[in-house]
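Take a look at the structure set out below.
Owing to the predicted nature of the structure, the values given are computational and were not obtained by experimental measurement.
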Amino acid sequence: MSAIQVVRSEWTKIRSVSSTVWTLGLAAVVTIALGTLISILSKREFDSLGAREQVSFDPTFISFAGMSLGQLAMIVFGVLVVSNEYSTGMIRTSLAAVPQRGTFLFGKVAVATLLAFVVGLATSFVAFFLGQAMLGEHAASLSDRGVLRAVIGGGLYMMLIAMFSMGVAAMLRGPMLSLGILMPFFFLISNILGNVSATEKIGRYLPDQAGSKIMQVVTPFGDDTPYGPWGGLGIMVLWVMAALVGGYAVIKKRDA
Amino acid sequence: MIEAVGLTKRYGDKTAVYNLSFQVRPGAVTGFLGPNGSGKSTTMRMILGLDQPTSGQVTIGGYPYRRLPNAPRQVGALLDAKAVHGGRSARSHLLCLAQLSGIPARRVDEVLGVVGLQDVAKKRSKGFSLGMGQRLGIAAALLGDPQVLLFDEPVNGLDPEGILWVRNLMKSLAAEGRTVFVSSHLMSEMALTADHLIVIGRGQLLADMSVKDFISHNSADFARVRTPDTEPQQREKLTAALTEAGGQVLPEQDGALRVTGLPLPRISDLAHEADVRLWELSPHQASLEEAYMRMTQGAVDYRSTIDQRAGLQQPLPPGVTPPQPMPVPGQGQSGWYAPPPPQQGGQPFAMPQAPAGAPYAGGQAAGPYAAGPAAAPNPYAQPPAAPAPATPDTTQRTSEDPR
């Protein structure tokens with residue numbers, strides 16, 4: 001009974017603040033716009049690419065290029081959903097109404113996750129179709145092998161990013177601290193680790209790098225990643241679960 | 001009913017609440033008093049299961065809050081008026097709380113009407129004043145029509161109309177048989193609202209008694225006596241006679257005398273015998289605020305001091321003497337409110353069970369004096385020029401101060 005109540009209440013909460021529209025809207029717009037832009041550029045560049053690059057040209061993945069930036073807005077969305085409770089002090093009122101803290105946290109995460117998935121999936125499809133339209137003769141089709149998986153995977157990826165942020169925010173509570181850790185992590189550290197050859201092998205087990213594998217249709221030339229698209233998504237799911245379990249442990253144990 | 005047994009909360013090595021045991025009964029407003037940082041809010045949070053006690057326990061109707069069946073319909077609480085997402089409208093805020101507790105949405109509009117916020121229900125709470133925030137918080141507490149209500153400082157920031165409203169609301173809730181637990185640091189407010197008092201200081205129980213008992217045990221009654229201003233020797237004469245008869249006499253700033261330990265007719269008789277005319281002979285009761293100050297003065301964590309303004313003052317031109325500031329009573333003097341320790345027993349205040357002397361007797365009488373003009377609740381007997389505590393008063397104070 002209380003799980004349904006929490007979900008209804010959380011839906012009201014998420015609907016009634018403007019940050020939801022802003023963050024999710026920004027995530028969609030940035031992902032789509034940047035993906036489209038890079039698709040245009042890629043089409044122009046295609047002829048100047050080497051033979052190897054032309055073989056491993058992945059039109060689907062290129063149309064998702066905006067996700068590296070759009071995911072940051074998704075992170076903000078996830079962080080705010082959870083840490084707003086703490087920064088406003090609302091958490092006390094909420095937990096006084098729902099003393100079952102696990103029900104409260106997971107009800108909240110469930111509502112935000114569903115919303116993130118719907119927005120992420122729509123974003124993913126729009127980014128794909130717009131990107132392919134820009135790519136012209138190099139475009140992939142949704143019926144091509146692995147493409148539908150990649151497009152739905154794009155939605156799942158955005159959802160998992162939001163979930164991971166919610167877990168981290170539940171552990172750290174404050175919005176500033178959570179964003180201060182998550183933003184550099186996804187924007188810098190993950191990229192640096194993934195692009196320096198010495199740390200590359202570690203970098204690809206980070207949530208975003210492993211998870212983004214789901215959006216690849218063509219494996220890049222010389223790629224020796226030991227897991228496939230679903231394996232990568234699985235690694236990301238493990239990260240998300242770890243963050244949420246950590247968040248649950250904190251909310252369960254610590255004083256509100 | 002709320003029942004705390006040996007409730008203790010430590011944060012690291014700081015003890016916020018120590019061994020607190022009390023009961024809050026239904027059908028009465030129970031005031032929860034204590035200075036800032038004395039552990040009131042921590043106790044409230046523990047009652048609501050938000051903070052886990054280090055030891056001891058607190059139950060509502062026999063259950064710890066987290067195991068209380070249907071908790072939000074049984075207990076309503078206002079903890080912090082600002083604990084609202086500023087971007088959310090008042091109505092949405094209440095609606096999400098109602099849904100969380102399985103309360104129908106129509107109840108939201110009902111409580112908005114009760115607290116008088118229906119006109120701003122759709123506005124973002126960011127723009128709310130503190131008083132409006134308090135009303136919103138009270139609305140949230142009333143949502144579930146609960147039998148147990150907790151309010152943490154509900155009158156903060158309210159206008160007089162709002163204060164009166166809250167006072168009557170608490171009383172009517174209690175009259176309906178509900179348990180009402182209200183924290184405050186204002187004794188005067190609690191004296192008007194509460195039926196029962198629980199006073200804590202530094203996290204420990206200082207008093208647990210009815211307001212009536214608190215008043216009769218802690219406020220020393222006194223008589224105000226005024227002799228003709230034109231004949232100071234009459235005053236001396238009367239002082240001597242009263243002291244001889246066993247009364248305590250303290251001069252007041254306006255020349256009147258504060259007499260304790262003697263009933264009014266006896267004072268009149270003594271004056272008559274001494275052939276002293278009286279301009280005034282009136283019964284008074286020292287304020288509760290002062291009794292409360294006396295009780296908690298040892299347990300105040302945050303004490304104000306004089307502002308030195310080091311480095312902020314303009315260098316004076318040569319030859320100019322700095323202006324001597326007029327001393328303001330209560331500023332920078334530790335124990336301004338504190339009277340000399342009462343009696344030899346060292347009992348700082350009287351609990352009902354403690355065999356401390358009668359409220360009339362002994363050094364407690366010095367107390368009312370210390371609070372100056374604030375301690376005269378009877379406006380009838382108040383001379384118009386009373387509240388002018390100027391320099392002579394302060395010097396008297398300091399010389400009288402035991403330290």
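When all heavy atoms are compared, the tightest approach of A:A97 to B:P72 is O-CG, 3.2 Å. Taking each heavy atom of B:R124 and A:S18 in turn, the nearest pair found is NH2-OG, 3.7 Å. Of all non-hydrogen atoms in B:R88 and A:S16, the two that sit nearest each other are NE-OG, 2.9 Å. Contact between B:A83 and A:T93 at its shortest, heavy atoms only, is O-OG1, 4.3 Å. A pairwise comparison of heavy atoms in A:K13 and B:C96 identifies CG-SG, 3.6 Å as the closest pair.
The environment of A:M241 atom CE is sparse: at most 12 non-hydrogen atoms of other residues, nucleotides or ligands sit within 6.0 angstrom. Within a 6.0 Å sphere centred on CZ of A:F129, other residues, nucleotides and ligands contribute more than 12 heavy atoms. Within a 6.0 Å sphere centred on CZ of A:R149, other residues, nucleotides and ligands contribute more than 12 heavy atoms. No more than 12 heavy atoms of other residues, nucleotides or ligands sit less than 6.0 Å from atom OH of B:Y18. Residue B:K82 places its NZ atom among 12 or fewer non-hydrogen atoms of other residues, nucleotides or ligands, all under 6.0 Å distant. For B:Y11, the OH atom is densely surrounded, since the number of other residues' heavy atoms within 6.0 Å is greater than 12. Atom CZ of B:R67 sits in a sparse spot, with 12 or fewer heavy atoms from other residues, nucleotides or ligands closer than 6.0 Å.
Using a 4.5 Å heavy-atom threshold, the side chains of B:R45 and A:D255 count as separate. Counting heavy atoms from C-beta outward, B:L100 and A:S94 have side chains that approach closer than 4.5 Å.
Using a 4.5 Å cut-off between heavy atoms, B:D80 makes no contact with chain A at all. Heavy atoms of B:L79 lying under 4.5 Å from chain A belong exclusively to its side chain. Residue B:R91: no heavy atom, backbone or side chain, is found under 4.5 Å from chain A. Of the two parts of B:K9, only the side chain, counted from C-beta on, holds a non-hydrogen atom closer than 4.5 Å to a non-hydrogen atom of chain A.
Comparing B:L48, B:V75, B:L143, B:L97 by heavy-atom pairs within less than 4.5 Å of chain A, the highest count is held by B:L97. Your options are B:G49, B:G87, B:G102, and the one with the most heavy-atom pairs under 4.5 Å with chain A is B:G102.
Taken from CZ in A:R15 to CG in B:L95, the straight-line distance is 7.5 Å, to the nearest 0.5 Å.
Scanning residues 82-91 of chain A against chain B with a 4.5 Å non-hydrogen threshold yields A:N84, A:T88, A:G89, A:M90, sorted by number.
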